Amino acid sequence: MRRTGAPFTTRRTRRTRRAWRPERSGGSAAAGPRGRAGGGVAMSHGHSHGGGGCSCAAEREEPPEQRGLAYGLYLRIDLERLQCLNESREGTGRGVFKPWEERTDRSKFVESDADEELLFNIPFTGNVKLKGIIIMGEDDDSHPSEMRLYKNIPQMSFDDTEREPDQTFSLNRDLTGELEYATKISRFSNVYHLSIHISKNFGADTTKVFYIGLRGEWTEFRRHEVTICNYEASANPADHRVHQVSPQTHFIS
């Protein structure tokens, strides 16, 4: 089935092309929880810690009401303009941006269509300083395994994901919406549009996402309007010269 908003590409062709993509470095290096390098030691509460930088509720023990407020950026999304490319059912991508308290409601989810990839184009109603992301999936191979972030590129297509991402995360399975991935705030301090590319899962033909939580700060757009006015306390004769014409008198004799 053809992707919505992107050129038709078969799953096998796209996977073959990506197999030859060189390893990225710098800002796009795969990161684990809290933006650290992945490949950490598995912990008793069900996921791995990338370099000891996990930010899960099991350790932070924040009250639920505070956690819910922290992930309130969904209120600052322009949902009418939000796009999810390659969703199997139109409009379901919007449903995963919901209150943190409703993250376990599995009646709302998005599943990919033609292959395992999903691409969310998320416009905000102001400027955002993005600090963290939660990705919650299914307890099987359809759970996302890699997430790539792009900032301020409206109307992204799958062809655009060939460019260097601003940050890439290797994901662990998160069935409860507790595991946060910290962004590099220096790169995501002035975001008016965020694109989330789910590029891989753990081996299933399609990907399923139940909840995406965004943590950060929001500020209203500021319009810079400049009005140039010239004021003059008193007239400067040099600026208001009057060219006088001497009258000529002709006498008729």
Side-chain angles (χ1 to χ4, degrees), residues 4 33-34 43 45-48 54-125 128 130-149 169 171-183 194-218:
T4 303
R34 297 290 294 171
M43 304 301 288
H45 48 278
H47 59 265
S48 63
C54 174
S55 178
C56 58
E59 293 183 352
R60 297 199 303 182
E61 296 183 353
E62 288 182 340
E65 60 273 11
Q66 291 187 14
R67 198 86 193 275
L69 289 174
Y71 282 90
L73 276 182
Y74 73 95
L75 295 170
R76 305 302 184 180
I77 296 175
D78 187 348
L79 288 176
E80 294 298 322
R81 295 170 51 222
L82 186 147
Q83 294 179 325
C84 180
L85 304 188
N86 198 36
E87 57 186 357
S88 60
R89 289 187 297 139
E90 186 175 356
T92 51
R94 299 173 184 173
V96 302
F97 298 92
K98 51 191 174 184
W100 186 78
E101 296 83 358
E102 300 177 9
R103 70 196 185 283
T104 56
D105 178 7
R106 293 183 171 266
S107 65
K108 295 181 179 180
F109 63 89
V110 61
E111 185 172 8
S112 63
D113 186 13
D115 56 20
E116 78 280 12
E117 297 186 51
L118 288 167
L119 179 59
F120 297 89
N121 283 318
I122 309 164
F124 294 105
T125 59
V128 166
L130 186 64
K131 298 181 179 180
I133 299 181
I134 290 176
I135 299 286
M136 177 179 161
E138 188 65 278
D139 187 16
D140 58 23
D141 289 343
S142 70
H143 192 293
S145 65
E146 184 178 80
M147 170 177 65
R148 310 167 81 230
L149 303 183
F169 295 93
L171 305 180
N172 296 301
R173 286 184 174 90
D174 184 7
L175 314 180
T176 59
E178 300 284 338
L179 183 57
E180 176 191 288
Y181 297 88
T183 62
L194 177 69
S195 295
I196 301 177
H197 179 211
I198 304 298
S199 53
K200 300 177 183 177
N201 61 23
F202 287 94
D205 290 335
T206 61
T207 297
K208 187 179 290 187
V209 176
F210 289 91
Y211 171 72
I212 297 180
L214 303 176
R215 182 174 65 86
E217 301 173 5
W218 176 88

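In this text, all values refer to a predicted model and were calculated from it rather than measured experimentally.
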*Asks:* The test is side-chain hydrogen bond (donor to acceptor under 3.5 Å, both in side chains); show your working for Glu111 and Thr206 and say whether it passes.
*Replies:* CA-CA 7 Å; Glu111 185 172 8; Thr206 61; 2.9 Å; yes

*Asks:* Can you establish whether the number of heavy atoms outside Lys98 located under 6.0 Å from its atom NZ is more than 12?
*Replies:*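 For Lys98, atom NZ is crowded (more than 12 foreign heavy atoms under 6.0 Å).
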
*Asks:* Just so I know, are the side chains of Ile122 and Phe97 near enough to count as touching, which here means a heavy-atom distance under 4.5 Å?
*Replies:*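 Touching, per the 4.5 Å side-chain cut-off.
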
*Asks:* Do Asp141 and Arg173 meet the salt-bridge criterion of a basic N to acidic O distance under 4.0 Å?
*Replies:*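 Counted as a salt bridge, because a side-chain N and a carboxylate O are separated by less than 4.0 Å.
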
*Asks:* Side chain to side chain contact (heavy atoms under 4.5 Å, CB included) between Arg103 and Glu178: does it pass, once the steps are laid out?
*Replies:* CA-CA 10 Å; Arg103 70 196 185 283; Glu178 300 284 338; 3.0 Å; yes

*Asks:* For residues Leu149 and Met147, report the shortest heavy-atom separation together with the two atoms involved.
*Replies:*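 Closest pair (atom of Leu149, atom of Met147, distance): CD2-CG, 3.9 Å.
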
*Asks:* Which heavy atom of Gly137 sits nearest to which heavy atom of Leu175, and what is that distance?
*Replies:*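 That would be O-CD2, 3.8 Å.
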
*Asks:* Would you say the side-chain atoms of Asn121 and Ser195 include a donor-acceptor pair closer than 3.5 Å?
*Replies:*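 A pair is found: one side chain offers a donor N or O, the other an acceptor, under 3.5 Å apart.
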
*Asks:* Write down the atom of Leu73, the atom of Arg215, and the distance for their closest heavy-atom approach.
*Replies:*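 Here Leu73 and Arg215 meet closest at CD1-C, 3.7 Å.
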
*Asks:* Quick one: pull up CG in Leu118 and CD in Glu87 and give me the separation to the nearest 0.5 Å.
*Replies:*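 Interatomic distance, Leu118 CG to Glu87 CD, rounded to 0.5 Å: 8.0 Å.
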
*Asks:* Roughly how far, to the nearest 0.5 Å, is CG of Leu85 from NE2 of His197?
*Replies:*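 That separation rounds to 9.5 Å.
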
*Asks:* Is there a donor-acceptor contact under 3.5 Å from the side chain of Arg94 to the main chain of Leu79?
*Replies:*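 Yes, because the side chain of Arg94 sits within donor-acceptor range (under 3.5 Å) of the backbone of Leu79.
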
*Asks:* So, taking the atom named OG in Ser145 and the one named CD1 in Ile135, what distance separates them when rounded to the nearest 0.5 Å?
*Replies:*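 So the OG of Ser145 and the CD1 of Ile135 are separated by 11.5 Å.
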
*Asks:* Could you give the distance from CD (Glu80) to CG (Leu82), rounded to the nearest 0.5 Å?
*Replies:*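 The distance works out to 10.0 Å.
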
*Asks:* Give a yes or no on whether a salt bridge exists between Arg81 and Asp78, defined as a side-chain N under 4.0 angstrom from a carboxylate O.
*Replies:*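 Yes, charged N to carboxylate O under 4.0 Å.
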
*Asks:* Do you know which two heavy atoms are closest between Tyr71 and Tyr74, and how far apart they sit?
*Replies:*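 For Tyr71 and Tyr74, the tightest heavy-atom pair comes out as O-CD2, 3.4 Å.
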
*Asks:* Any non-hydrogen side-chain atom of Val128 less than 4.5 Å from a side-chain atom of Leu214?
*Replies:*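 No, every pair of side-chain atoms sits at 4.5 Å or beyond.
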
*Asks:* Are Trp100 and Tyr211 close enough that some pair of their side-chain heavy atoms sits under 4.5 Å apart?
*Replies:*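 They are in side-chain contact.
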
*Asks:* Check this for me, if you would: do Lys131 and Glu217 make a salt bridge, where the nitrogen-to-carboxylate-oxygen distance has to be below 4.0 angstrom?
*Replies:*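 Glu217 and Lys131: salt-bridged.
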
*Asks:* Look only at the side chain of His143 and the backbone of Phe202, and say whether a donor-acceptor pair between them is shorter than 3.5 Å.
*Replies:*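 No; judged by distance alone, with no hydrogens or angles, the pair does not exist.
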
*Asks:* Between Pro144 and Val209, is any pair of side-chain heavy atoms under 4.5 Å apart?
*Replies:*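 Yes - at least one pair of side-chain heavy atoms lies under 4.5 Å apart.
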
*Asks:* Provide the closest heavy-atom pair for Val96 versus Gly93 in the form atom of the first, atom of the second, distance.
*Replies:*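 Answer, listing the atom of Val96 first, then Gly93: CG2-O, 3.2 Å.
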
*Asks:* Are any of the side-chain heavy atoms of Phe120 and Ile198 separated by less than 4.5 Å?
*Replies:*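 Answer yes - side chains close enough.
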
*Asks:* Walk me through it: do Ile133 and Leu130 pass the test side chain to side chain contact (heavy atoms under 4.5 Å, CB included)?
*Replies:* CA-CA 8 Å; Ile133 299 181; Leu130 186 64; 4.0 Å; yes

*Asks:* Donor-acceptor pair, Ser142 side chain versus Thr207 backbone, under 3.5 Å?
*Replies:*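 No.
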
*Asks:* How many angstroms lie between CG in Leu179 and CG in Asn172, if you round to the nearest 0.5 Å?
*Replies:*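 Leu179 atom CG to Asn172 atom CG measures 6.0 Å (nearest 0.5 Å).
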
*Asks:* Which pair of non-hydrogen atoms, one from Tyr181 and one from Leu171, has the smallest distance, and what is that distance?
*Replies:*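 Heavy atoms only, the tightest pair is OH-CA, 3.5 Å.
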
*Asks:* Would you call Phe124 and Ile77 a side-chain contact if the rule is heavy atoms closer than 4.5 Å?
*Replies:*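 Yes - at least one pair of side-chain heavy atoms lies under 4.5 Å apart.
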
*Asks:* Any side-chain to backbone donor/acceptor pair from Asn201 onto Asp205? Under 3.5 Å, distance only.
*Replies:*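 Side chain of Asn201 to backbone of Asp205: no pair is present.
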
*Asks:* As an exercise, state the distance from CG of Asp139 to NZ of Lys208, rounded to the nearest 0.5 Å.
*Replies:*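 Result: 11.5 Å between the selected atoms.
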
*Asks:* Is the positively charged end of Arg106 above the ring of Phe210, judged by distance under 6.0 angstrom from the centroid and angle within 45° of the axis?
*Replies:*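 Judged by the rule (NZ or CZ under 6.0 Å from the ring centre, within 45° of its axis), Arg106 counts as positioned above Phe210.
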
